[in-house]
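A short worksheet on the structure shown next.
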Amino acid sequence: MSDWQQLEKRYFFATGKRQPVTLVRGQGVRVWDDQGREYLDFVAGIASVSLGHCHPAVVSALAEQAGVLAHVSNLVYSIPQLRLAQLLVENSCLDRVFFCNSGAEAIEGAIKLARKWGKEKREGAYEVICTDNAFHGRTLATVTASGTDKYKLPFAPLPPGFVHVPYNDVEAIRRATGAETCAVLLEPIQGEGGVNVPSDDYLRQVRAWCDEAGILLILDEIQTGIGRTGSLFAYQQYGAEPDIMALAKGLAGGLPIGALLAKEHCAVFVPGDHGSTFGGNPLCTHVGYSVLKYVIDNDIPGQVAKKGQHLERRLRSLADRHPIVTDVRGRGLLWAIELAGELAEQAVVLCLAEGLIVNNVKPTALRLMPPLVVSEEELDRAVGIIDRVLAKLEEEERERDA
Ligand SMILES: *Cc1c(COP(=O)(O)O)cnc(C)c1O
């Protein structure tokens, strides 16, 4: 264990498991550890470093704003948050924006907004329909909305007002809807749950049901937004507009930011209802503006769609050649490789040794989410490494069986 890893063991809460690597520098899709070893980064700060490490647009925006004004408060006006809000509204179906600092906070705000709307417009309805295997964050309310018992049972009693139904099952949403229901909360593609892609008409059908029942559709685009799936927001590909949307991760290229957006008809917050000390600070919103402007002006979503098709072909060919791969699924630059057995953790370690950083989104699945600026050559190199790792795993299985 290195000195840094000793320090972590001594001083940190042990809330998660880390790989034994200490990263000290990054450039584009590449990162380097404290020993000078180079890696391809296909985790990208959990789909957050959207333009790659130290992208000039991010570095210059950060330096520029740091030397002008980093933080004030929302007791006064500041300009970068207004420019980012305008850019978000002009490029989405939503009308109003609230800025916070993380994804969980954006979902927390979405739940508060939906409950207030229910109180005022639907006779006190407060219940939110969520899906199994969903991930919406780690605060008490968002972890309750998430679909993984392991994350929430240690913290019971949990806040009431959340019901869960299977993902990709519109009938289940219909059955779960009652007089108390104010909203349905969904990820267009479940990220942390294992990159679960629903059928093409799922979102459209849920939208139609929400209209019929008179309830809100909240989309959690924290992982799928800002070009990740090949359109600026994933809902655009599914032809179903949300009433409320949460963004975070890739929005400021790796700086902490979250955004809650809503259509006018449900933007029911009034002064005093919600707030944040750091939310909308000039530093993060100026970087957010620069990232989003770059993404839009350079048609990054269109490039992601093309690169995604390239990656998909490579991954399908892996699946054809390796019996250990039982499924590959995803869209744009968000993919999972499903393995026959709980081999993902071992695969992550083997990939790391070959210079590729990926994560085991499930015990049985690897996830790939490189920066959106990744090149086809870098995609090929990563797939080449995974190819060798899969061969190694298969060989070990054969030796064990022999
Ligand atoms: C990461 C994530 C969150 C939580 O975001 P944090 O910034 O970690 O609070 C919520 N929903 C989805 C879909 C996510 O991927």
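Atoms within a ligand are numbered from 1 in the order they appear, just like the ligands themselves.
- Take R207 and apply the salt bridge (Lys or Arg N to Asp or Glu O under 4.0 Å) test, not counting sequence neighbours, and it matches D211, D243.
- Using the six-membered ring where Trp is involved, F278 and H71 have ring planes that are tilted, between 30° and 60° apart.
- If you look at ligand 1, the protein residues with a non-hydrogen atom under 4.0 Å away are S102, G103, A104, F135, H136, G137, E187, D220, I222, Q223, K249.
- The side-chain hydrogen bond (donor to acceptor under 3.5 Å, both in side chains) pairs that include a residue from residues 147-164 number zero, where partners must be two or more places apart or lie in different chains.
- For E376 and K307, the salt-bridge test fails: no basic side-chain N is under 4.0 Å from an acidic carboxylate O.
- The six-membered or imidazole ring of Y167 lies near that of Y202, with a centre-to-centre distance under 6.0 Å.
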Exercise answer: donor-acceptor pairs, residues 212-219 side-chain atoms, under 3.5 Å, sequence neighbours excluded:
none

